[in-house]
Protein chains: 2
Amino acid sequence: MPARPAAPKARPPRPRVRKKAAATYHHGDLRQALVDAALAAIAEGGLEALNLRDLARRLGVSPAAPYRHFADKEALVRAVAADIAQRYAAVLAQAAAEAPPDPLSQFRATGVAAVRFAVRHPAHFRVVYTPGLHDHRGDDDPTRAALTAAQAAGVIAPIPVDAIMLTAQCAIYGLSRLIVDDQLPGGAVTPAQADAMTRAVTDVLGLGFLPR
Amino acid sequence: MPARPAAPKARPPRPRVRKKAAATYHHGDLRQALVDAALAAIAEGGLEALNLRDLARRLGVSPAAPYRHFADKEALVRAVAADIAQRYAAVLAQAAAEAPPDPLSQFRATGVAAVRFAVRHPAHFRVVYTPGLHDHRGDDDPTRAALTAAQAAGVIAPIPVDAIMLTAQCAIYGLSRLIVDDQLPGGAVTPAQADAMTRAVTDVLGLGFLPR
DNA sequence: CTATCGATGTAATCGATGCTCACATCCTCC
DNA sequence: GGAGGATGTGAGCATCGATTACATCGATAG
(Lines give C-alpha, C1' and ligand atoms only; values in the text may rest on other atoms or scores of the structure.)
Protein backbone atom coordinates (compact mmCIF):
# COMPACT_ATOMS: atom_id res chain seq x y z
CA MET A 1 0.00 0.00 0.00
CA PRO A 2 1.29 3.41 -0.86
CA ALA A 3 2.29 5.64 1.95
CA ARG A 4 -0.40 8.15 1.11
CA PRO A 5 -3.74 6.37 0.63
CA ALA A 6 -6.39 7.69 -1.68
CA ALA A 7 -8.59 9.42 0.89
CA PRO A 8 -6.71 9.61 4.18
CA LYS A 9 -8.87 12.26 5.79
CA ALA A 10 -10.97 15.05 4.42
CA ARG A 11 -9.06 18.23 5.10
CA PRO A 12 -9.80 21.81 4.27
CA PRO A 13 -7.39 23.11 1.66
CA ARG A 14 -4.50 24.90 3.29
CA PRO A 15 -3.48 28.38 2.34
CA ARG A 16 -0.24 28.47 0.49
CA VAL A 17 2.29 31.23 0.66
CA ARG A 18 5.53 30.28 -0.96
CA LYS A 19 4.45 28.70 -4.23
CA LYS A 20 1.28 28.92 -6.19
CA ALA A 21 -0.60 25.73 -5.42
CA ALA A 22 -0.06 21.95 -5.36
CA ALA A 23 -1.68 21.98 -1.93
CA THR A 24 -0.70 19.18 0.42
CA TYR A 25 1.84 18.22 3.02
CA HIS A 26 3.70 21.42 3.72
CA HIS A 27 1.62 24.18 5.09
CA GLY A 28 3.32 27.27 3.80
CA ASP A 29 3.64 29.45 6.85
CA LEU A 30 2.63 27.36 9.79
CA ARG A 31 4.52 29.46 12.26
CA GLN A 32 2.57 32.64 11.60
CA ALA A 33 -0.65 30.68 11.21
CA LEU A 34 -0.09 29.23 14.67
CA VAL A 35 0.45 32.63 16.20
CA ASP A 36 -2.67 33.98 14.52
CA ALA A 37 -4.78 31.01 15.51
CA ALA A 38 -3.49 31.21 19.07
CA LEU A 39 -4.33 34.90 19.18
CA ALA A 40 -7.88 34.09 18.12
CA ALA A 41 -8.23 31.17 20.51
CA ILE A 42 -7.02 33.29 23.40
CA ALA A 43 -9.37 36.10 22.50
CA GLU A 44 -12.23 33.62 22.62
CA GLY A 45 -11.50 31.57 25.69
CA GLY A 46 -8.51 33.05 27.42
CA LEU A 47 -5.06 31.60 27.86
CA GLU A 48 -6.34 28.54 29.72
CA ALA A 49 -8.38 27.57 26.68
CA LEU A 50 -5.30 27.49 24.48
CA ASN A 51 -4.25 24.00 23.49
CA LEU A 52 -1.83 22.95 20.83
CA ARG A 53 -3.78 19.97 19.56
CA ASP A 54 -6.81 22.08 18.90
CA LEU A 55 -4.72 24.66 17.12
CA ALA A 56 -3.18 21.97 14.94
CA ARG A 57 -6.60 20.52 14.23
CA ARG A 58 -7.95 23.88 13.11
CA LEU A 59 -5.00 24.38 10.81
CA GLY A 60 -5.37 20.89 9.37
CA VAL A 61 -2.04 19.74 10.66
CA SER A 62 -0.83 16.93 12.88
CA PRO A 63 -0.48 17.50 16.64
CA ALA A 64 3.29 17.25 16.41
CA ALA A 65 3.68 19.85 13.68
CA PRO A 66 3.73 22.93 15.96
CA TYR A 67 6.83 21.57 17.63
CA ARG A 68 8.76 22.16 14.41
CA HIS A 69 8.30 25.88 15.00
CA PHE A 70 8.13 26.28 18.77
CA ALA A 71 10.16 24.43 21.35
CA ASP A 72 7.13 24.12 23.58
CA LYS A 73 3.79 25.66 24.31
CA GLU A 74 5.31 28.47 26.30
CA ALA A 75 7.47 29.51 23.37
CA LEU A 76 4.39 29.88 21.24
CA VAL A 77 2.67 31.90 23.92
CA ARG A 78 5.73 34.11 24.20
CA ALA A 79 5.56 34.77 20.47
CA VAL A 80 1.89 35.62 20.86
CA ALA A 81 2.67 37.95 23.75
CA ALA A 82 5.30 39.73 21.67
CA ASP A 83 2.75 40.17 18.91
CA ILE A 84 0.22 41.62 21.33
CA ALA A 85 2.81 43.90 22.89
CA GLN A 86 3.59 45.36 19.51
CA ARG A 87 -0.03 46.22 18.79
CA TYR A 88 -0.50 47.58 22.28
CA ALA A 89 2.49 49.88 21.95
CA ALA A 90 1.30 51.04 18.54
CA VAL A 91 -2.13 51.91 19.93
CA LEU A 92 -0.58 53.95 22.74
CA ALA A 93 1.81 55.74 20.41
CA GLN A 94 -0.97 56.66 18.03
CA ALA A 95 -3.15 57.98 20.83
CA ALA A 96 -0.31 60.18 22.00
CA ALA A 97 0.36 61.42 18.49
CA GLU A 98 -3.25 62.40 17.97
CA ALA A 99 -3.66 64.22 21.27
CA PRO A 100 -2.84 67.87 21.96
CA PRO A 101 0.74 68.31 23.06
CA ASP A 102 0.13 69.61 26.57
CA PRO A 103 1.13 67.18 29.31
CA LEU A 104 -2.29 66.59 30.84
CA SER A 105 -3.81 65.90 27.42
CA GLN A 106 -0.98 63.55 26.54
CA PHE A 107 -1.23 61.80 29.84
CA ARG A 108 -4.97 61.47 29.65
CA ALA A 109 -4.94 60.31 26.03
CA THR A 110 -2.46 57.52 26.60
CA GLY A 111 -4.23 56.50 29.77
CA VAL A 112 -7.56 56.32 27.99
CA ALA A 113 -5.99 54.37 25.14
CA ALA A 114 -4.38 51.88 27.51
CA VAL A 115 -7.58 51.25 29.42
CA ARG A 116 -9.56 51.00 26.20
CA PHE A 117 -7.21 48.36 24.90
CA ALA A 118 -7.73 46.40 28.09
CA VAL A 119 -11.49 46.71 27.83
CA ARG A 120 -11.57 45.67 24.20
CA HIS A 121 -9.08 42.85 24.40
CA PRO A 122 -9.15 41.62 27.98
CA ALA A 123 -7.67 38.22 27.24
CA HIS A 124 -4.84 39.71 25.21
CA PHE A 125 -4.21 42.26 27.91
CA ARG A 126 -3.87 39.49 30.49
CA VAL A 127 -1.49 37.54 28.30
CA VAL A 128 0.81 40.44 27.55
CA TYR A 129 1.07 41.14 31.27
CA THR A 130 1.47 37.55 32.36
CA PRO A 131 4.77 37.38 34.22
CA GLY A 132 7.55 35.82 32.23
CA LEU A 133 5.91 36.13 28.86
CA HIS A 134 7.02 39.61 27.94
CA ASP A 135 9.38 42.16 29.38
CA HIS A 136 7.68 45.47 29.97
CA ARG A 137 10.53 47.10 31.77
CA GLY A 138 12.05 48.49 28.61
CA ASP A 139 8.75 49.83 27.33
CA ASP A 140 9.36 53.38 26.38
CA ASP A 141 5.98 54.31 27.64
CA PRO A 142 4.64 57.48 25.98
CA THR A 143 3.34 58.48 29.37
CA ARG A 144 6.84 58.54 30.76
CA ALA A 145 8.08 60.56 27.84
CA ALA A 146 5.26 63.06 28.06
CA LEU A 147 5.71 63.59 31.77
CA THR A 148 9.47 63.92 31.54
CA ALA A 149 9.14 66.51 28.80
CA ALA A 150 6.49 68.34 30.76
CA GLN A 151 8.65 68.63 33.82
CA ALA A 152 11.63 69.69 31.75
CA ALA A 153 9.43 72.47 30.39
CA GLY A 154 8.46 73.43 33.91
CA VAL A 155 4.78 72.68 33.33
CA ILE A 156 4.35 70.35 36.28
CA ALA A 157 4.99 70.77 39.94
CA PRO A 158 8.48 70.30 41.36
CA ILE A 159 7.98 66.84 42.80
CA PRO A 160 10.28 63.93 41.92
CA VAL A 161 9.44 62.83 38.37
CA ASP A 162 9.99 59.23 39.33
CA ALA A 163 7.25 59.42 41.92
CA ILE A 164 4.82 60.94 39.47
CA MET A 165 5.59 58.42 36.79
CA LEU A 166 5.33 55.52 39.19
CA THR A 167 2.02 56.73 40.50
CA ALA A 168 0.61 57.29 37.05
CA GLN A 169 1.77 53.91 35.83
CA CYS A 170 0.31 52.18 38.88
CA ALA A 171 -3.01 53.94 38.60
CA ILE A 172 -3.52 53.25 34.90
CA TYR A 173 -2.31 49.68 35.08
CA GLY A 174 -4.33 49.09 38.24
CA LEU A 175 -7.47 50.45 36.64
CA SER A 176 -6.94 48.30 33.56
CA ARG A 177 -6.51 45.18 35.60
CA LEU A 178 -9.41 45.86 37.91
CA ILE A 179 -11.66 46.29 34.89
CA VAL A 180 -10.27 43.32 33.03
CA ASP A 181 -10.59 41.07 36.04
CA ASP A 182 -14.08 42.37 36.75
CA GLN A 183 -13.23 43.31 40.30
CA LEU A 184 -14.83 46.71 40.44
CA PRO A 185 -18.11 47.27 42.24
CA GLY A 186 -21.01 47.37 39.82
CA GLY A 187 -20.01 44.39 37.73
CA ALA A 188 -18.91 44.46 34.13
CA VAL A 189 -17.69 47.77 32.81
CA THR A 190 -18.86 49.30 29.54
CA PRO A 191 -16.38 51.14 27.31
CA ALA A 192 -18.09 54.43 28.16
CA GLN A 193 -17.80 53.76 31.88
CA ALA A 194 -14.18 52.80 31.40
CA ASP A 195 -13.48 56.10 29.67
CA ALA A 196 -15.19 58.01 32.46
CA MET A 197 -13.21 56.18 35.11
CA THR A 198 -9.98 56.81 33.30
CA ARG A 199 -10.77 60.48 33.08
CA ALA A 200 -11.61 60.58 36.78
CA VAL A 201 -8.35 58.89 37.67
CA THR A 202 -6.22 61.09 35.44
CA ASP A 203 -7.93 64.16 36.84
CA VAL A 204 -7.23 63.21 40.43
CA LEU A 205 -3.65 62.48 39.50
CA GLY A 206 -3.44 65.76 37.63
CA LEU A 207 -4.51 67.57 40.77
CA GLY A 208 -1.46 66.06 42.39
CA PHE A 209 1.22 67.17 40.01
CA LEU A 210 -0.16 70.07 38.07
CA PRO A 211 0.54 73.42 39.73
CA ARG A 212 -2.55 75.26 40.87
CA MET B 1 -6.91 -13.06 51.57
CA PRO B 2 -8.11 -10.38 53.91
CA ALA B 3 -9.22 -7.13 52.38
CA ARG B 4 -6.44 -5.27 54.09
CA PRO B 5 -3.13 -7.08 53.58
CA ALA B 6 -0.38 -6.93 56.16
CA ALA B 7 1.87 -4.34 54.51
CA PRO B 8 0.01 -2.69 51.67
CA LYS B 9 2.27 0.30 51.39
CA ALA B 10 4.47 2.15 53.81
CA ARG B 11 2.64 5.34 54.64
CA PRO B 12 3.48 8.11 57.02
CA PRO B 13 1.11 8.14 59.97
CA ARG B 14 -1.76 10.48 59.38
CA PRO B 15 -2.74 13.11 61.87
CA ARG B 16 -6.00 12.32 63.59
CA VAL B 17 -8.49 14.81 64.82
CA ARG B 18 -11.73 13.17 65.78
CA LYS B 19 -10.63 10.25 67.87
CA LYS B 20 -7.43 9.44 69.65
CA ALA B 21 -5.55 7.03 67.40
CA ALA B 22 -6.11 3.74 65.54
CA ALA B 23 -4.54 5.45 62.55
CA THR B 24 -5.57 4.13 59.18
CA TYR B 25 -8.15 4.57 56.44
CA HIS B 26 -9.99 7.72 57.39
CA HIS B 27 -7.87 10.79 57.52
CA GLY B 28 -9.53 12.89 60.15
CA ASP B 29 -9.83 16.26 58.53
CA LEU B 30 -8.83 15.83 54.94
CA ARG B 31 -10.69 18.92 53.79
CA GLN B 32 -8.70 21.35 55.89
CA ALA B 33 -5.51 19.39 55.28
CA LEU B 34 -6.06 19.80 51.55
CA VAL B 35 -6.56 23.52 51.85
CA ASP B 36 -3.42 23.86 53.96
CA ALA B 37 -1.35 21.71 51.65
CA ALA B 38 -2.63 23.63 48.63
CA LEU B 39 -1.74 26.88 50.32
CA ALA B 40 1.80 25.62 50.84
CA ALA B 41 2.11 24.22 47.34
CA ILE B 42 0.95 27.48 45.83
CA ALA B 43 3.34 29.47 47.98
CA GLU B 44 6.15 27.31 46.65
CA GLY B 45 5.41 27.02 42.99
CA GLY B 46 2.42 29.20 42.19
CA LEU B 47 -1.03 28.18 41.12
CA GLU B 48 0.24 26.38 38.01
CA ALA B 49 2.22 24.03 40.21
CA LEU B 50 -0.86 22.95 42.12
CA ASN B 51 -1.95 19.43 41.30
CA LEU B 52 -4.41 17.27 43.13
CA ARG B 53 -2.52 14.02 42.78
CA ASP B 54 0.56 15.50 44.38
CA LEU B 55 -1.50 16.92 47.19
CA ALA B 56 -3.09 13.54 47.80
CA ARG B 57 0.30 11.87 47.71
CA ARG B 58 1.70 14.25 50.30
CA LEU B 59 -1.24 13.63 52.58
CA GLY B 60 -0.93 9.87 52.16
CA VAL B 61 -4.27 9.53 50.47
CA SER B 62 -5.49 8.18 47.15
CA PRO B 63 -5.83 10.50 44.15
CA ALA B 64 -9.60 10.23 44.27
CA ALA B 65 -9.97 11.17 47.92
CA PRO B 66 -9.97 14.96 47.40
CA TYR B 67 -13.08 14.60 45.27
CA ARG B 68 -15.01 13.61 48.39
CA HIS B 69 -14.49 17.14 49.69
CA PHE B 70 -14.33 19.31 46.59
CA ALA B 71 -16.39 18.99 43.45
CA ASP B 72 -13.36 19.71 41.32
CA LYS B 73 -9.98 21.37 41.39
CA GLU B 74 -11.46 24.81 41.03
CA ALA B 75 -13.62 24.34 44.10
CA LEU B 76 -10.51 23.61 46.13
CA VAL B 77 -8.77 26.64 44.73
CA ARG B 78 -11.79 28.75 45.58
CA ALA B 79 -11.62 27.55 49.16
CA VAL B 80 -7.94 28.43 49.21
CA ALA B 81 -8.69 31.87 47.81
CA ALA B 82 -11.28 32.46 50.51
CA ASP B 83 -8.73 31.49 53.13
CA ILE B 84 -6.18 33.90 51.69
CA ALA B 85 -8.75 36.67 51.42
CA GLN B 86 -9.51 36.34 55.11
CA ARG B 87 -5.87 36.70 56.12
CA TYR B 88 -5.38 39.56 53.70
CA ALA B 89 -8.34 41.46 55.12
CA ALA B 90 -7.14 40.83 58.67
CA VAL B 91 -3.71 42.22 57.84
CA LEU B 92 -5.21 45.38 56.36
CA ALA B 93 -7.58 45.86 59.26
CA GLN B 94 -4.79 45.49 61.79
CA ALA B 95 -2.60 47.98 59.94
CA ALA B 96 -5.41 50.50 59.97
CA ALA B 97 -6.07 49.92 63.66
CA GLU B 98 -2.43 50.50 64.55
CA ALA B 99 -1.99 53.67 62.52
CA PRO B 100 -2.76 57.23 63.63
CA PRO B 101 -6.35 58.19 62.90
CA ASP B 102 -5.73 61.00 60.44
CA PRO B 103 -6.75 60.19 56.87
CA LEU B 104 -3.35 60.35 55.23
CA SER B 105 -1.84 58.10 57.90
CA GLN B 106 -4.69 55.64 57.58
CA PHE B 107 -4.47 55.67 53.85
CA ARG B 108 -0.74 55.25 53.83
CA ALA B 109 -0.79 52.53 56.47
CA THR B 110 -3.30 50.35 54.66
CA GLY B 111 -1.53 50.95 51.37
CA VAL B 112 1.79 49.91 52.84
CA ALA B 113 0.19 46.85 54.43
CA ALA B 114 -1.44 45.81 51.17
CA VAL B 115 1.74 46.13 49.17
CA ARG B 116 3.71 44.36 51.86
CA PHE B 117 1.33 41.44 51.75
CA ALA B 118 1.82 41.25 48.00
CA VAL B 119 5.60 41.35 48.36
CA ARG B 120 5.67 38.69 51.05
CA HIS B 121 3.14 36.34 49.54
CA PRO B 122 3.20 36.97 45.82
CA ALA B 123 1.66 33.64 44.83
CA HIS B 124 -1.13 34.02 47.35
CA PHE B 125 -1.73 37.56 46.21
CA ARG B 126 -2.11 36.38 42.63
CA VAL B 127 -4.51 33.64 43.60
CA VAL B 128 -6.77 35.85 45.66
CA TYR B 129 -7.02 38.26 42.74
CA THR B 130 -7.47 35.64 40.05
CA PRO B 131 -10.76 36.43 38.36
CA GLY B 132 -13.57 34.14 39.37
CA LEU B 133 -11.92 32.78 42.47
CA HIS B 134 -13.00 35.39 44.94
CA ASP B 135 -15.35 38.33 44.90
CA HIS B 136 -13.62 41.51 45.97
CA ARG B 137 -16.44 43.84 45.17
CA GLY B 138 -17.90 43.56 48.65
CA ASP B 139 -14.55 44.03 50.35
CA ASP B 140 -15.01 46.64 53.01
CA ASP B 141 -11.63 48.04 52.25
CA PRO B 142 -10.22 50.07 55.13
CA THR B 143 -8.93 52.51 52.56
CA ARG B 144 -12.42 53.28 51.44
CA ALA B 145 -13.59 53.68 55.01
CA ALA B 146 -10.72 55.95 55.92
CA LEU B 147 -11.25 58.20 52.94
CA THR B 148 -14.99 58.41 53.40
CA ALA B 149 -14.58 59.34 57.05
CA ALA B 150 -11.95 61.87 56.14
CA GLN B 151 -14.13 63.61 53.66
CA ALA B 152 -17.08 63.53 56.04
CA ALA B 153 -14.82 65.32 58.51
CA GLY B 154 -13.92 67.86 55.86
CA VAL B 155 -10.26 66.96 55.93
CA ILE B 156 -9.87 66.33 52.23
CA ALA B 157 -10.47 68.44 49.19
CA PRO B 158 -13.97 68.81 47.78
CA ILE B 159 -13.56 66.44 44.87
CA PRO B 160 -15.92 63.52 44.30
CA VAL B 161 -15.10 60.84 46.87
CA ASP B 162 -15.70 58.14 44.33
CA ALA B 163 -12.96 59.51 42.12
CA ILE B 164 -10.53 59.65 44.99
CA MET B 165 -11.34 56.18 46.15
CA LEU B 166 -11.10 54.75 42.68
CA THR B 167 -7.75 56.38 42.08
CA ALA B 168 -6.37 55.22 45.39
CA GLN B 169 -7.57 51.68 44.85
CA CYS B 170 -6.13 51.59 41.35
CA ALA B 171 -2.79 52.96 42.42
CA ILE B 172 -2.29 50.57 45.33
CA TYR B 173 -3.55 47.56 43.47
CA GLY B 174 -1.52 48.52 40.42
CA LEU B 175 1.62 48.91 42.46
CA SER B 176 1.08 45.56 44.13
CA ARG B 177 0.60 43.79 40.85
CA LEU B 178 3.52 45.47 39.13
CA ILE B 179 5.76 44.37 41.97
CA VAL B 180 4.34 40.87 42.19
CA ASP B 181 4.64 40.36 38.47
CA ASP B 182 8.14 41.80 38.44
CA GLN B 183 7.31 44.34 35.78
CA LEU B 184 8.94 47.37 37.29
CA PRO B 185 12.23 48.70 35.94
CA GLY B 186 15.11 47.60 38.11
CA GLY B 187 14.11 44.00 38.51
CA ALA B 188 13.00 42.31 41.72
CA VAL B 189 11.83 44.61 44.48
CA THR B 190 13.01 44.38 48.08
CA PRO B 191 10.56 44.94 50.91
CA ALA B 192 12.27 48.21 51.74
CA GLN B 193 11.99 49.42 48.16
CA ALA B 194 8.36 48.39 48.13
CA ASP B 195 7.69 50.46 51.24
CA ALA B 196 9.42 53.45 49.71
CA MET B 197 7.44 53.14 46.51
CA THR B 198 4.21 52.88 48.41
CA ARG B 199 5.03 55.99 50.35
CA ALA B 200 5.91 57.82 47.15
CA VAL B 201 2.62 56.82 45.58
CA THR B 202 0.51 57.71 48.58
CA ASP B 203 2.27 61.06 48.82
CA VAL B 204 1.60 61.94 45.21
CA LEU B 205 -2.02 60.91 45.68
CA GLY B 206 -2.21 62.87 48.89
CA LEU B 207 -1.09 65.97 47.01
CA GLY B 208 -4.13 65.47 44.85
CA PHE B 209 -6.81 65.31 47.46
CA LEU B 210 -5.43 66.92 50.54
CA PRO B 211 -6.13 70.63 50.64
CA ARG B 212 -3.10 72.86 50.47
C1' DC C 1 -24.69 -5.32 71.53
C1' DT C 2 -25.31 -5.24 66.79
C1' DA C 3 -27.32 -4.16 62.30
C1' DT C 4 -27.52 -0.46 59.33
C1' DC C 5 -26.40 3.57 56.81
C1' DG C 6 -24.12 7.72 55.53
C1' DA C 7 -19.55 9.60 55.17
C1' DT C 8 -15.05 8.91 53.64
C1' DG C 9 -11.33 6.57 51.22
C1' DT C 10 -9.56 3.15 47.36
C1' DA C 11 -8.59 0.96 42.90
C1' DA C 12 -9.14 1.05 38.35
C1' DT C 13 -9.83 3.49 34.48
C1' DC C 14 -11.02 7.16 30.90
C1' DG C 15 -10.05 11.23 28.13
C1' DA C 16 -7.46 15.29 27.23
C1' DT C 17 -3.13 17.30 26.73
C1' DG C 18 2.03 18.33 26.35
C1' DC C 19 5.76 16.37 24.35
C1' DT C 20 9.13 12.99 21.90
C1' DC C 21 10.87 9.96 18.33
C1' DA C 22 11.39 7.52 14.13
C1' DC C 23 10.00 8.10 9.67
C1' DA C 24 7.89 10.45 5.35
C1' DT C 25 7.67 14.14 2.18
C1' DC C 26 8.94 18.21 -0.03
C1' DC C 27 11.91 22.15 -1.46
C1' DT C 28 16.31 23.99 -2.56
C1' DC C 29 20.69 24.04 -4.17
C1' DC C 30 24.75 22.13 -5.99
C1' DG D 1 18.99 14.79 -10.78
C1' DG D 2 20.67 13.66 -6.35
C1' DA D 3 21.69 15.11 -1.49
C1' DG D 4 20.31 17.19 2.50
C1' DG D 5 17.81 20.26 5.37
C1' DA D 6 13.29 21.81 6.63
C1' DT D 7 8.76 20.59 7.60
C1' DG D 8 4.96 17.45 8.53
C1' DT D 9 3.13 12.59 10.15
C1' DG D 10 1.89 8.72 13.19
C1' DA D 11 2.47 6.31 17.11
C1' DG D 12 3.07 6.54 21.59
C1' DC D 13 4.45 7.97 26.54
C1' DA D 14 3.53 10.50 30.89
C1' DT D 15 0.77 13.46 33.56
C1' DC D 16 -3.32 15.08 35.20
C1' DG D 17 -8.33 15.94 36.11
C1' DA D 18 -12.28 13.39 36.70
C1' DT D 19 -15.63 9.29 37.27
C1' DT D 20 -17.32 4.86 38.89
C1' DA D 21 -17.90 0.80 41.56
C1' DC D 22 -16.47 -0.95 45.69
C1' DA D 23 -14.33 -1.02 50.65
C1' DT D 24 -14.08 0.66 55.26
C1' DC D 25 -15.25 3.24 59.17
C1' DG D 26 -18.04 5.56 62.76
C1' DA D 27 -22.35 6.91 64.65
C1' DT D 28 -26.81 5.76 65.82
C1' DA D 29 -31.25 3.34 66.36
C1' DG D 30 -33.42 -0.71 67.90
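Every chain is numbered from 1, with letters handed out A, B, ... down the list of sequences. Any value given below was found using the heavy atoms of this structure, including those in side chains, with hydrogens, waters and symmetry copies removed.
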Check ion pair B:Arg199-B:Asp203 (N to O, under 4.0 angstrom)
no

What side-chain hydrogen bond (donor to acceptor under 3.5 Å, both in side chains) pairs are there with at least one residue in residues 33-48 of chain B, not counting sequence neighbours?
B:Gln32-B:Asp36

Residue pairs meeting side-chain hydrogen bond (donor to acceptor under 3.5 Å, both in side chains), one or both in residues 77-87 of chain B, sequence neighbours left out, come to B:Glu74-B:Arg78, B:Asp83-B:Arg87

Return a table of donor-acceptor pairs under 3.5 angstrom between the side chains of residues 187-197 of chain A and protein atoms on other chains or two or more places apart.
from     : atom 1 : to       : atom 2 : distance (Å)
A:Thr190 : OG1    : A:Gln193 : N      : 3.1
A:Thr190 : OG1    : A:Gln193 : OE1    : 3.4
A:Gln193 : OE1    : A:Thr190 : N      : 2.9
A:Asp195 : OD1    : A:Arg116 : NE     : 3.1
A:Asp195 : OD2    : A:Arg116 : NE     : 3.1
A:Asp195 : OD2    : A:Arg116 : NH2    : 2.6

Can you list, in residue-number order, the parts of residues 34-50 of chain A that come under 4.0 Å of DNA chain D, counting heavy atoms only?
none

Between B:Leu52 and A:Arg31, which residue's closest nucleotide on DNA chain D lies nearer the 5′ terminus?
A:Arg31

Applying side-chain hydrogen bond (donor to acceptor under 3.5 Å, both in side chains), can you list everything that pairs with B:Glu98, at least two apart in sequence or on another chain?
B:Gln94

List the residues meeting salt bridge (Lys or Arg N to Asp or Glu O under 4.0 Å) with A:Asp182, not counting sequence neighbours, and say none if there are none.
B:Arg137

B:Tyr173: ring-ring contact (aromatic ring centres under 6.0 Å, His included) partners, not counting sequence neighbours:
B:Tyr129

Which residues in residues 65-77 of chain B have at least one heavy atom lying under 4.0 Å from any atom of DNA chain C?
B:Ala65, B:Arg68, B:His69

Return the value, rounded to whole Å, for the distance between atom [atom1] of [X] and atom [atom2] of [N].
X	N	atom1	atom2	result
B:Leu30	C:dG9	CG	P	5 Å
A:Asp54	C:dG18	CG	C1'	14 Å
B:Leu55	C:dG9	CG	P	14 Å
A:Arg57	D:dG8	CZ	P	18 Å

Ring pair (Phe, Tyr, Trp, His ring centres under 6.0 Å): which pairs involve residues 40-92 of chain A, sequence neighbours left out?
A:Tyr88-A:Phe117

Using the test side-chain contact (heavy atoms from CB on, under 4.5 Å), find all partners of A:Ala109 that sit at least two apart in sequence or belong to another chain.
A:Ala99

For B:Ala123, what residues pass the side-chain contact (heavy atoms from CB on, under 4.5 Å) criterion, not counting sequence neighbours?
B:Ile42

Mark yes or no for whether A:Asn51, through its side chain, and A:Arg53, through its backbone, hold a donor-acceptor pair below 3.5 Å.
yes

Between the protein and nucleotides 13-16 of chain C, list the N/O to N/O atom pairs that are separated by less than 3.5 angstrom.
none

